[in-house]
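The figures that follow rest on heavy atoms only: side chains count, while hydrogens, waters and symmetry mates do not.
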Amino acid sequence: MNIVGNQQRSFLRLLAGLRPHWRRDRNLAARIQTLLARNRSFGSRDRRLYRELIYTTLRYRSWIEPHLDSGPDFAVQVAAWLSTDSPATANFRAALLADWPPCPPTVAEKFAVLSVRHGWGPAKTRPASPPLPAWFRSHCPEAFESPNLETLLARAPLWLRLQADATAARVTDEFSRLGWPFEFSAILPSALRLLDEVDVTKTSAYRTGLIEVQDLGSQLVLESTGIAPGGRWLDACAGAGGKTLQLARLLGSSGHVDAHDIRPAALRELALRATRAGLRLGPASSPRVPKAPPDNCHIMYDNCSATVALLDRPPDSDYDGVLVDAPCTGSGTWRRAPHLMWTTTESDIAAAAETQLSLLVSFAARVRPGGRLIYATCSLSRRENEDVVAAFLAAQPAFRSEAPARTFGSTVRGGGLTFLPARNDTDGFFVASLRKT
């Protein structure tokens with residue numbers, strides 16, 4: 001048996017194991033990782049190949065899945081043709097696609113090739129184009145237009161945030177020694193992108209807290225709001241703390257951040273990340289809050305960031321600013337979590353919007369007069385973004401919408417700023433700044 005034939009059969013077996021789950025399991029990424037790790041016959045390049053093919057299949061599920069039963073060999077060819085051409089996929093693609101044309105850049109052109117040349121049959125039997133949930137068009141029509149459509153269906157890049165500008169040379173020197181190509185963002189000097197598929201967590205720069213993995217779009221959320229140094233802030237839905245660490249840097253050594261989350265596992269991860277980054281962990285409000293063991297981390301203290309305290313219970317004090325980075329349905333992350341396209345419904349979005357409005361109202365009470373309430377999501381749905389802001393402002397006359405300090409080329413609409421994926425090659429995000437009078 002030839003290598004490519006074995007890889008084709010392995011890929012189809014992996015899809016058979018995932019297919020019963022990809023319409024309902026929102027944690028499908030963990031299932032994929034388990035499936036790939038479980039098979040000890042897979043080498044690292046095999047895993048990269050299958051991961052790329054699986055995620056391509058999820059992005060173009062409505063195009064590929066109908067052929068898994070009637071023509072599995074053709075389904076594999078389509079997945080290979082649509083996948084990224086990389087060292088891990090090159091041999092597989094070359095063996096299966098000898099008589100196929102190069103894959104064109106736009107979704108419309110891809111659809112035309114598959115429709116005409118590769119026999120999808122009469123128009124009434126063809127899958128829909130573009131391969132996004134049709135119901136989502138009213139939530140974000142821009143997602144269905146080029147180049148956002150192509151970006152949403154492409155693999156997400158690996159963006160990093162420098163913890164301190166002064167350490168940039170140490171980071172880039174290490175990447176250069178490793179032979180890793182990289183580039184700095186043209187709009188945010190503290191952000192850089194790695195251009196190869198690498199494990200950045202094994203670098204000295206990561207272990208010693210010089211860098212954090214954070215999508216550029218996520219970084220732009222806080223950068224757009226013009227947060228001034230100093231002051232006391234609350235990160236109300238801190239999670240594992242990506243924006244907590246960034247907020248602490250923006251506030252500087254005279255600031256303070258209370259990071260609140262009800263999930264102990266998230267706070268444990270935040271504590272480890274904060275310690276690794278050299279942030280000063282202040283006293284917590286509850287003995288149940290986990291402490292980060294410093295002997296597990298290589299600490300770089302530079303005294304340039306705010307102190308951070310971890311809270312597992314809602315605070316009762318007032319703040320100069322409150323960040324509500326609200327839980328959402330995650331349509332802005334479809335390029336890195338494409339299964340969410342097929343596990344999310346309009347009912348999920350409606351339920352998320354109710355929760356988001358409730359969180360805003362609840363934490364608005366913690367904003368002092370003259371202070372700011374920043375609302376953010378990683379959703380592209382207007383129902384979770386502009387509509388939530390409008391409902392909040394209608395119910396809370398003490399707050400008013402405030403223009404962003406910087407737009408980074410995006411358009412302000414409905415009291416907020418939406419970062420569409422194509423503009424800066426990011427995930428999608430929304431942010432609104434609300435001032436209490």
Side-chain angles (χ1 to χ4, degrees), residues 158-178 180 182 184-185 188-194 199-216 218-223 227-235 238-261 264-285 289-312 319-321 323 325:
L158 177 58
W159 284 102
L160 307 174
R161 180 177 59 80
L162 293 171
Q163 294 280 25
D165 294 342
T167 62
R170 291 171 59 185
V171 175
T172 57
D173 285 350
E174 180 176 15
F175 290 170
S176 296
R177 286 196 304 272
L178 292 169
W180 292 357
F182 61 88
F184 281 90
S185 164
L188 197 63
S190 59
L192 72 159
R193 171 171 51 186
L194 285 169
D199 186 358
V200 73
T201 64
K202 294 181 179 179
T203 62
S204 173
Y206 180 84
R207 292 194 307 270
T208 57
L210 302 183
I211 54 173
E212 276 292 325
V213 177
Q214 186 179 3
D215 184 76
L216 175 60
S218 175
Q219 297 181 47
L220 295 180
V221 164
L222 290 181
E223 291 284 353
I227 293 174
R232 185 177 181 85
W233 278 69
L234 169 67
D235 186 352
K243 291 189 179 67
T244 305
L245 272 60
Q246 184 187 8
L247 177 59
R249 290 290 177 182
L250 292 173
L251 293 177
S253 58
S254 61
H256 176 86
V257 181
D258 280 343
H260 165 261
D261 204 283
L267 289 178
R268 280 194 294 272
E269 177 65 19
L270 197 164
L272 288 169
R273 292 175 71 181
T275 304
R276 185 181 66 238
L279 272 66
R280 296 164 292 158
L281 287 176
S285 66
V289 170
K291 300 296 187 290
D295 56 343
N296 285 359
C297 304
H298 299 267
I299 306 172
M300 179 208 65
Y301 289 104
D302 63 5
N303 297 318
C304 291
S305 62
T307 56
V308 176
L310 310 183
L311 312 180
D312 61 1
Y319 295 88
D320 300 301
L323 168 64
D325 187 15

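Note that CZ of Arg276 and CG of Leu210 are 10.5 Å apart. Values are rounded to the nearest 0.5 Å. Note that CG of Leu160 is 9.5 Å distant from CZ of Phe184, once rounded to the nearest 0.5 Å. Ile227 contributes atom CD1, which lies 11.5 Å from atom CG of Asp320 (distance to the nearest 0.5 angstrom). Atom NE2 of His260 sits about 13.0 Å away from atom CG of Leu323, to the nearest 0.5 Å. The distance from atom OG1 of Thr275 to atom CG of Leu281, rounded to the nearest 0.5 Å, is 4.5 Å.
Closest approach of Gln219 to Ala191, counting heavy atoms only: OE1-CB, 3.5 Å. The two residues Val213 and Tyr206 have their closest heavy-atom pair at CG2-CE1, 4.4 Å. Contact between Ala238 and Ala259 at its shortest, heavy atoms only, is CB-CB, 3.8 Å. Scanning both residues, Gln246 and Ser218, for their nearest heavy atoms gives OE1-O, 3.8 Å. For the residue pair Lys243 and Leu222, the shortest heavy atom distance occurs at O-CD1, 3.7 Å. The minimum heavy-atom distance between Leu247 and Trp233, with the atom names listed, is CD2-CB, 4.0 Å.
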Going through the checks in order, is the side chain to side chain contact (heavy atoms under 4.5 Å, CB included) test met by Asp261 and Leu270?
-> CA-CA 10 Å; Asp261 204 283; Leu270 197 164; over 6 Å; no
Verdict with reasoning, Leu192 to Phe175, per side chain to side chain contact (heavy atoms under 4.5 Å, CB included) = CA-CA 11 Å; Leu192 72 159; Phe175 290 170; 4.0 Å; yes
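With sequence neighbours excluded, the residues that form a side-chain hydrogen bond (donor to acceptor under 3.5 Å, both in side chains) with Thr201 are Asp199. Partners of Thr307 by side chain to side chain contact (heavy atoms under 4.5 Å, CB included), not counting sequence neighbours, listed by chain and number: His256, Arg280. Ala248 meets the side chain to side chain contact (heavy atoms under 4.5 Å, CB included) test with Val257, Leu279, Ser305, Ala306, Val308; sequence neighbours excluded. Contacts of Ser185 classified as side-chain hydrogen bond (donor to acceptor under 3.5 Å, both in side chains), with partners at least two apart in sequence or in another chain: none. In this structure, the side-chain hydrogen bond (donor to acceptor under 3.5 Å, both in side chains) partners of Arg232, at least two apart in sequence or on a different chain, are Asp258. The side-chain hydrogen bond (donor to acceptor under 3.5 Å, both in side chains) search around Glu269 returns none, not counting sequence neighbours.
Under the 3.5 Å distance criterion, the side-chain polar atoms of Glu223 are left unmatched by any main-chain donor or acceptor of Leu188.
At a threshold of 4.5 Å between non-hydrogen side-chain atoms, the residues Leu162 and Ile211 count as touching. A 4.5 Å side-chain heavy-atom check between Gln163 and Leu245 finds at least one atom pair inside the cut-off. Put simply, the side chain of Phe182 does not reach to within 4.5 Å of the side chain of Val171, judged on heavy atoms.
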